[in-house]
Q: 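I am attaching a structure below and will ask some questions about it afterwards.
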Amino acid sequence: MMVLSSSKNRYWQMLFSILLLCLLVLPAHAVTIKNVRIWPAPDHTRLVFDLDKPIRHQLFTLDKPDRLVIDLDDTRGQDSIEKLPLKDTPISRVRTAVKSGSDLRVVFDLNSKIQPRSFLLKPNKQYGHRLVVDLVYKEKKTVKNTAPIPRVDPTGQRDIVVAIDAGHGGEDPGAIGPGRVREKTVVLAIARKVERMLNAEKGFKPAMIRTGDYYVGLRARTERARKHRADLFISIHADAFKDSRPRGSSVFALSQRGATSETARWLANSENSADLIGGVNGALTLDDKDKVLAGVLLDLTMTATLSDSLKVGQSVLRSMGQINKLHKRDVEQAGFMVLKSPDIPSILIETGFISNPREAKNLQSSAYQEKMARQIVAGIKRYFGSNPPPGTWLAHQKKRLSQGSYVVSRGDTLSGIAQKNKISVASLRKANNLRSDALRVGQRLTIPRS
Ligand SMILES: [Zn+2]
């Protein structure tokens, strides 16, 4: 017969109470990983953990073999980590283990060396608490089209560089239209078409700011344009508005003071908060951004840049008006962060409102995207056709066309042709890069305007 002594009884009671306490208390304190996303980019891979509350974590790398270890304090919900798609990332395998009862250790087996970087993001409209872990590649993967352009082109006929920025990307889907169509996908498709068309255009060279589905910070976008020595920066968007009625294309430039319309102000505010959604370490708040903008606008070069931005914007707008209704007939202005390069004319193109069912449908169609891209390119070409930057092939062509020409016939001499055109032999030689006075019949000479 078993008789429990009273002390033994108390022991079991206490153990039961502790267990009950653990069950009640632990779930309230432990952090739950609700979802994990992975975004491979050309220079890093980003992991984003959706959490129900802020997390304490440590991360370190190990070698032979290369691994990245993330220790998450008092955390549960490892299932989503193990299901991550690892294609195009430096991660070959993921393992998780529970450590000291409730901590979670995540080990990423790597197939190349990386430098880890992590930060926490506070909740916003789209997301709750997030932990962002970037695996920055050490052996830089080379991406085509990113070689810096030399400062001086010896031929004096360099290409005009157009930086093409597909808005949003990765963590930041941009606006979401009917049928879950995402702005980031639509604008990347249009941007790629613009890139292809500009590549085929003599005298132009496109430079893509993002080449896939990953987020690039707003400041990094303008920095990339500068690295490419861009002559023009175009940011392509298809935003949503509060209601589904507005439709049509519009073009925006930076504003020195205030916004030209309520829509412009609303759009600029929404665009400027992209860093908070897409994930930038120590993302600026909107107030900070206003200060940055104010500082930039003090720069005197801005006035000239802004005037060019308005001109190229008007040309693109006119061009888009041939295939779509225009939301406004003129270029609108507001304080868009991404347009703040003091020395690169910059415009933000709203191809349409993704919140409008008809436009959302159009924007998803490859044929319509192609039409839109063609109009954007036509607008850019028309602007640079009349305003080619000095030292470019286009400027050279324009000069040649504005000059006369002369076709050499039998018996012609250099001095005779110079005399006939009332110019000096020296200037005729210079205009045609002639080293000797020998001419051949049928040769076309440029006659410089005196
Ligand atoms: Zn947008």
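Just follow the structure's listing: the first ligand is 1, and inside any ligand the first atom is 1.
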Q: Do any N/O/S atoms of E350 come under 2.8 Å of the Zn ion (ligand 1)?
A: no
Q: How about K113 and T61: does a side-chain donor come under 3.5 Å of a side-chain acceptor?
A: no
Q: Mind reading off the angle at the Zn ion (ligand 1) between the NE2 atom of H168 and the OE2 atom of E183, rounded to 10°?
A: 100°
Q: Over all heavy atoms of both residues, which pair between D73 and T75 is shortest? Give the atoms and the distance, please.
A: O-OG1, 2.7 Å
Q: What's the shortest heavy-atom distance between R221 and A166, and which atoms?
A: NH1-O, 3.0 Å
Q: How open is the angle at the Zn ion (ligand 1) from atom ND1 of H237 over to atom OD2 of D239, rounded to 10 degrees?
A: 100°
Q: Which atom, counting only N, O or S, brings E271 closest to the Zn ion (ligand 1)?
A: OE2
Q: Establish, from distance only, whether the side-chain atoms of E271 and H237 form a donor-acceptor pair under 3.5 Å.
A: yes
